[in-house]
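These figures come from a predicted structure and were not determined experimentally. We count residues from 1, following the sequence as given.
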Amino acid sequence: MKSILITGASSGIGRATAEAFLEQGWHVGLVARRGDRLLEIAKRNKTAMALPVDVTDEAGMKAAFDRFVAQTGRLDALFNNAGTFGPSGSVDEIALDEFDQVINVNVRGMFIAAKLAFTQMKNQKPQGGRIINNGSISAHSPREGSICYTTSKHAITGMTKSLSLDGRPFDVACGQIDIGNARTELIDDLNARALAENPDAELLPMMDVQDAARLILHMAELPLSANVQFMTAMATKMPFVGRG
C-alpha cells in the first residue's frame with residue numbers, strides 16, 4: 001500500500017485531497033494544526049493517521065514524519081500544501097510582521113516538509129518518491145493586493161525546480177500544481193471580503209475542489225519515470241489568460 005503525507009490536511013484542498021487518496025487505499029498522514037479536524041478524518045479511515053503539528057515547527061514536523069514512516073515503512077509521496085493568504089493590500093499597507101508570517105508558513109513551512117520528505121525518499125529502499133508542491137495561479141500572475149501571498153508562491157516555483165533537479169539522481173520527482181479558485185474556505189473568504197467592500201461586486205468564478213484533488217492523485221500515481229513538472233488547473237472563467 002502506498003503512502004502519502006499531506007500538510008494542511010484539515011480543510012480546503014488538503015482535506016479534499018486526503019479523502020481522494022484514502023478512497024484509493026493509500027496510507028495518508030494528515031498534518032495540520034487543528035488536531036480535532038484531523039482526528040475526525042482518521043476515525044472514519046483506518047489508513048489515515050492524524051499528525052497535529054505546525055508546519056513551521058521543525059522538530060515537531062520531524063517527529064510527525066518519523067511516526068508516520070514507522071507505521072508505513074516508507075514515504076511514497078508528499079503533498080506540500082499548507083499555506084496562508086495573509087493580509088490584502090499594497091506594499092505600503094502591509095506591516096513587516098504580517099509579511100514575515102506569510103513567508104514563514106508558505107515558504108519556510110514548505111521547505112521543512114520538503115527537506116524531511118527528500119531525506120526520507122533519498123535514504124529509503126527502494127530509493128525514491130514524489131513531492132508535489134501546491135503553488136497557485138499567483139505563482140505566475142497575481143491578483144491585486146496579494147503581494148505577500150504572490151511573493152511566497154513565486155518562491156515555491158523556484159523551490160519546485162530546485163527539488164526536481166536535485167532529486168534526479170535519487171529518483172525523487174518533484175512537480176507543482178497551480179490551482180486557481182477551487183471552492184474552499186479561502187475563496188469563500190475572498191468573496192466575502194469583496195462583498196463587504198462592494199455589495200454589487202462580481203464573485204470569483206470557482207471550480208469544484210474535488211476536481212483539483214483528482215488531479216493531485218493523478219500526479220502521485222504516475223511511475224517515477226514520469227513527472228508532471230507544472231500543472232495549471234483553474235475555474236474555466238478565471239481571467240488568467242487574456243488582456244486586461
Work out which heavy atom in G35 is nearest to a heavy atom in P52; give both atom names and the distance.
CA-CB, 3.8 Å

Show the numbers, then the answer: is there a side-chain contact (heavy atoms from CB on, under 4.5 Å) between Q127 and M121?
CA-CA 6 Å; Q127 195 175 58; M121 293 169 182; over 6 Å; no

Side-chain heavy atoms nearer than 4.5 Å, only ILVMFWY residues, links allowed to pass through others: does that put I132 and V31 together?
no

Distance col, row T72:OG1 vs R67:CZ, nearest 0.5 angstrom, shows 12.0 Å

Does E98 use its side chain to pair, donor to acceptor, with the backbone of A95 at less than 3.5 Å?
yes

Could you tell me whether the side chain of S152 and the main chain of Y149 form a donor-acceptor pair under 3.5 Å?
yes

Do I13 and I4 belong to the same hydrophobic cluster, where Ile, Leu, Val, Met, Phe, Trp and Tyr are linked whenever their side-chain heavy atoms lie under 4.5 Å apart, directly or via other members?
yes

Go through the steps to decide whether L224 and R130 satisfy the test side-chain contact (heavy atoms from CB on, under 4.5 Å), and finish with yes or no.
CA-CA 7 Å; L224 291 178; R130 188 181 307 277; 3.8 Å; yes

Do I156 and N106 have side-chain heavy atoms sitting under 4.5 Å apart?
no

F65 side chain near T119 side chain, heavy-atom distance below 4.5 Å
no

Please check: side-chain N/O of H27 versus main-chain N/O of Q71, any donor-acceptor pairing under 3.5 Å?
no

Kindly indicate, with the supporting measurements, whether the criterion side-chain contact (heavy atoms from CB on, under 4.5 Å) is fulfilled by D208 and R183.
CA-CA 6 Å; D208 192 323; R183 180 70 186 268; over 6 Å; no

So, do W26 and L217 sit near enough that their side-chain heavy atoms are less than 4.5 Å apart?
yes

First locate atom CD1 of I177, then atom CG of L215, and finally report the distance between them rounded to the nearest 0.5 Å.
5.0 Å

For P169 and L165 the tightest heavy-atom approach is CD-O, 4.0 Å

Set out, in order, the CA-CA distance, both residues' side-chain angles and the distance that settles side chain to side chain donor-acceptor pair (under 3.5 Å) for T56 and D54, then state yes or no.
CA-CA 5 Å; T56 65; D54 189 320; 2.8 Å; yes

How many angstroms lie between atom CD1 of I131 and atom CG of L116, to the nearest 0.5 angstrom?
10.0 Å

Short side-chain to backbone donor-acceptor contact, K153 and N134, under 3.5 Å:
yes

Heavy-atom donor-acceptor pair, Q124 side chain to G128 backbone, under 3.5 Å:
yes

Within the side chain of N45, is there an N or O that forms a donor-acceptor pair under 3.5 Å with the backbone of A48?
no

Pair E19 + R15: basic N to acidic O under 4.0 Å:
yes

Report, as yes or no, whether the 6.0 Å neighbourhood of atom NZ on K2 holds more than 12 heavy atoms from other residues, nucleotides or ligands.
yes

Between the side chain of N80 and the main-chain N/O of M110, is any donor-acceptor distance below 3.5 Å?
yes

Carefully, step by step, assess V28 and I6 under the rule side-chain contact (heavy atoms from CB on, under 4.5 Å).
CA-CA 7 Å; V28 179; I6 298 173; 3.9 Å; yes

Is there a path of hydrophobic side-chain contacts, each under 4.5 Å between heavy atoms of I/L/V/M/F/W/Y residues, joining F68 to I112?
yes

Closest non-hydrogen contact found for G175 with T160 is C-CG2, 3.8 Å

Is there a side-chain contact between P205 and N181, using heavy atoms and a 4.5 Å cut-off?
yes

For V102 and F85, which heavy atoms make the closest approach, and how far apart are they?
CG2-O, 4.1 Å

Out of curiosity, F111 CZ to M159 CE, how far, rounded to the nearest 0.5 Å?
7.0 Å

Find out whether M207 and T236 are in side-chain contact, i.e. whether some heavy atom of one side chain is under 4.5 Å from a heavy atom of the other.
no

L51 vs L5 side-chain heavy atoms within contact, under 4.5 Å:
yes

Value for CE (M61) from CD (E58), rounded to nearest 0.5 Å, stands at 10.0 Å

Atom pair NZ/CD of K161 and Q176 - distance to nearest 0.5 Å:
9.0 Å

When you compare the side chains of S90 and D92, does any donor N or O come within less than 3.5 Å of an acceptor on the partner?
yes

Do you know which two heavy atoms are closest between C174 and N133, and how far apart they sit?
SG-ND2, 3.8 Å

Using a distance-only test with no angle check, is there a side-chain donor-acceptor pair under 3.5 angstrom linking Q229 and S164?
yes

Could you go step by step and tell me if R34 and S11 meet the side chain to side chain donor-acceptor pair (under 3.5 Å) rule?
CA-CA 9 Å; R34 291 175 287 189; S11 63; 3.0 Å; yes

Minimum heavy-atom distance A77-L75, with the two atoms named
O-CD1, 3.3 Å

Applying salt bridge (charged side-chain N to carboxylate O under 4.0 Å, His left out), name anything that partners R74, two or more places apart in sequence or on another chain.
D76

Contact between F79 and T7 at the side-chain level, heavy atoms closer than 4.5 Å - yes or no?
no

CZ (R33) with more than 12 external heavy atoms under 6.0 Å:
no

Determine, using the 4.5 Å side-chain heavy-atom cutoff (strictly less than), whether M234 and F230 are members of one ILVMFWY cluster.
no

Grouping I, L, V, M, F, W and Y whenever their side-chain heavy atoms are under 4.5 Å apart, do F21 and M49 come out in a common cluster?
no

With the side chain counted from C-beta on, respond yes when L163 and V172 share a heavy-atom pair under 4.5 Å apart, and no when they do not.
no

